[in-house]
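Predicted model only: the values in this text are computed from it and were never measured.
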Amino acid sequence: MAPLTLSSPEVQSFFVYSAILALKVLCVGALTGINRMIRGVYANPEDAKSLKGKVKLDDPVVERLRRAHLNDLENIPAFWVLGALYLTTGPVAAWATLLFRVYTVSRIIHTIVYAVIPMPQPTRAIAYAIPFFIKWYLGIQVVLYYITAV
């Protein structure tokens, strides 16, 4: 196995797609806040008072965005950990890049079909399942690599 360096194509690919995912998480959070302001619905009384809105915890648009954001927060950090560990196994750069790219595109599609332009199932399920299986693949590869190394 070649030494892992910051200039390795697979590492740079991981950095690029990780940054895209981090920006996506930030965008969904901001989109949630913007929609709270547009709709005049807030989770906290002090926000509602200062922004002349009302406290409402069940606005369907805001809640859908909030759930999409929570879904990102539940899934993307696991990708970061598993992807970084996977890099230590010496993967083929093109294969690792493809996995990182497909994961990222699928998570973006998931947010779009979940929160931006809601679509009927199984659209969201497919957009969720693809990155779900990629994470499992990454994790299994790491475990297999290091079990055989022991």
**Student:** If you group Ile, Leu, Val, Met, Phe, Trp and Tyr by side-chain heavy-atom gaps below 4.5 Å, do M119 and L31 land in one group?
**Tutor:**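 Hydrophobic grouping puts M119 apart from L31.
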
**Student:** In Å and rounded to the nearest 0.5 Å, what is the CG to CD distance from L144 to Q141?
**Tutor:**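 Here the rounded value is 6.0 Å.
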
**Student:** Using a 3.5 Å cut-off and no angle test, enumerate the donor-acceptor pairs between side-chain atoms of residues 120-129 and protein atoms at least two apart in sequence or in another chain.
**Tutor:**
{"unit_1": "Q121", "atom_1": "OE1", "unit_2": "R124", "atom_2": "N", "d": "3.4"}
{"unit_1": "Q121", "atom_1": "OE1", "unit_2": "A125", "atom_2": "N", "d": "2.9"}
{"unit_1": "T123", "atom_1": "OG1", "unit_2": "P120", "atom_2": "O", "d": "2.9"}

**Student:** Would you please name every residue forming a ring-ring contact (aromatic ring centres under 6.0 Å, His included) with Y86, sequence neighbours left out?
**Tutor:** none

**Student:** Assigning hydrophobic clusters by single linkage (Ile, Leu, Val, Met, Phe, Trp, Tyr; side-chain heavy-atom cutoff under 4.5 Å), is W80 placed with I108?
**Tutor:**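 Yes, same cluster.
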
**Student:** Classify the ring geometry of Y137 against W95: parallel below 30°, tilted from 30° to 60°, perpendicular beyond 60°.
**Tutor:** perpendicular

**Student:** Quick check on W136: does its CH2 atom have over 12 non-hydrogen neighbours (other residues, nucleotides or ligands) under 6.0 Å away?
**Tutor:** no

**Student:** Determine the minimum heavy-atom distance between R36 and A43, stating which atoms define it.
**Tutor:**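 That closest heavy-atom pairing would be NH1-N, 3.6 Å.
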
**Student:** Ignoring hydrogens and geometry beyond distance, is a side-chain donor-acceptor pair present between T88 and Y146 at under 3.5 Å?
**Tutor:**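 Their side chains do contain a donor-acceptor pair, which is all the 3.5 Å distance test asks for.
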
**Student:** Please examine the side chains of Y17 and R101, heavy atoms only from C-beta on, and report whether any two atoms are closer than 4.5 Å.
**Tutor:**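 R101 reaches Y17 side chain to side chain.
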
**Student:** Keeping the roles fixed (side chain from S8, backbone from V11), state whether a donor-acceptor pair exists under 3.5 Å.
**Tutor:**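 Pair absent, no side-chain N/O of S8 close to backbone of V11.
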
**Student:** In Å and rounded to the nearest 0.5 Å, what is the NE2 to OH distance from H110 to Y103?
**Tutor:** 10.0 Å

**Student:** Of the non-hydrogen atoms in I134 and L99, which two are nearest, and what is the gap between them?
**Tutor:**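 Between these two residues, the closest heavy atoms are CD1-O, 3.8 Å.
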
**Student:** Hey, is the main chain of A93 close enough, under 3.5 Å, to the side chain of T97 for a donor-acceptor pair?
**Tutor:**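 Confirmed, T97 side chain pairs with A93 backbone.
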
**Student:** For the residue pair R67 and Y114, confirm or rule out a side-chain donor-acceptor distance under 3.5 Å.
**Tutor:** yes

**Student:** Kindly write out the residues that satisfy side chain to side chain contact (heavy atoms under 4.5 Å, CB included) with I34, not counting sequence neighbours, or none if the list is empty.
**Tutor:** I38

**Student:** Output all residues satisfying side chain to side chain contact (heavy atoms under 4.5 Å, CB included) with R39, sequence neighbours left out; order by chain, then residue number.
**Tutor:**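 So R39 forms a side chain to side chain contact (heavy atoms under 4.5 Å, CB included) with N35, V41, D59, V61, V62.
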
**Student:** Looking at every heavy atom in both T89 and Y145, which two are closest together, and how far apart are they?
**Tutor:**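 Taking every non-hydrogen atom into account, O-CE1, 3.5 Å.
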
**Student:** Would a single hydrophobic cluster contain both I109 and L70, if residues Ile, Leu, Val, Met, Phe, Trp and Tyr are joined by side-chain heavy-atom contacts under 4.5 Å?
**Tutor:**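 Looking at the clustering, I109 is in a separate group from L70.
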
**Student:** Determine whether V105 and I117 fall in the same hydrophobic cluster, where Ile, Leu, Val, Met, Phe, Trp and Tyr are linked whenever their side-chain heavy atoms lie under 4.5 Å apart.
**Tutor:**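 They do not share one cluster, since no chain of ILVMFWY contacts under 4.5 Å joins V105 to I117.
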
**Student:** Run the numbers on E10 and L4 for side chain to side chain contact (heavy atoms under 4.5 Å, CB included), then give the verdict.
**Tutor:** CA-CA 9 Å; E10 63 274 24; L4 194 60; 4.3 Å; yes

**Student:** Can you sort out the partners of Q12 under side chain to side chain contact (heavy atoms under 4.5 Å, CB included), two or more places apart, ordered by chain and number?
**Tutor:**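 Side chain to side chain contact (heavy atoms under 4.5 Å, CB included) check on Q12 returns S7.
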
**Student:** Working to the nearest 0.5 Å, report the span between CG of D58 and NZ of K56.
**Tutor:**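 If we round to the nearest 0.5 Å, D58:CG and K56:NZ are 5.0 Å apart.
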
**Student:** Are V16 and I76 connected in a single hydrophobic cluster, I mean Ile/Leu/Val/Met/Phe/Trp/Tyr linked by side-chain heavy atoms less than 4.5 Å apart?
**Tutor:**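 Result: yes, single cluster for both.
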
**Student:** Would you name the heavy atoms of A84 and F14 that are closest together and state the gap between them?
**Tutor:**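 Nearest pair, atom of A84 first, then F14: N-CZ, 3.5 Å.
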
**Student:** What's the shortest heavy-atom distance between S106 and I130, and which atoms?
**Tutor:** OG-CG2, 3.3 Å

**Student:** Which pair of heavy atoms, one from S18 and one from F79, lies closest together, and at what distance?
**Tutor:**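 Distance-wise, the nearest heavy atoms are OG-CE2, 4.2 Å.
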
**Student:** Are E46 and K49 close enough for a salt bridge, meaning some N to O gap below 4.0 Å?
**Tutor:** no

**Student:** Between N75 (side chain) and N71 (backbone), is there a donor-acceptor pair under 3.5 Å?
**Tutor:** yes

**Student:** Give the table of side-chain donor-acceptor pairs shorter than 3.5 Å for residues 19-27, with sequence neighbours excluded, one pair per line with atom names and distance.
**Tutor:**
{"unit_1": "K24", "atom_1": "NZ", "unit_2": "D72", "atom_2": "OD1", "d": "2.9"}
{"unit_1": "K24", "atom_1": "NZ", "unit_2": "D72", "atom_2": "OD2", "d": "2.4"}
{"unit_1": "K24", "atom_1": "NZ", "unit_2": "T111", "atom_2": "OG1", "d": "2.5"}

**Student:** Has the side chain of R66 got a donor or acceptor atom that lies under 3.5 Å from a matching backbone atom of T32?
**Tutor:** no

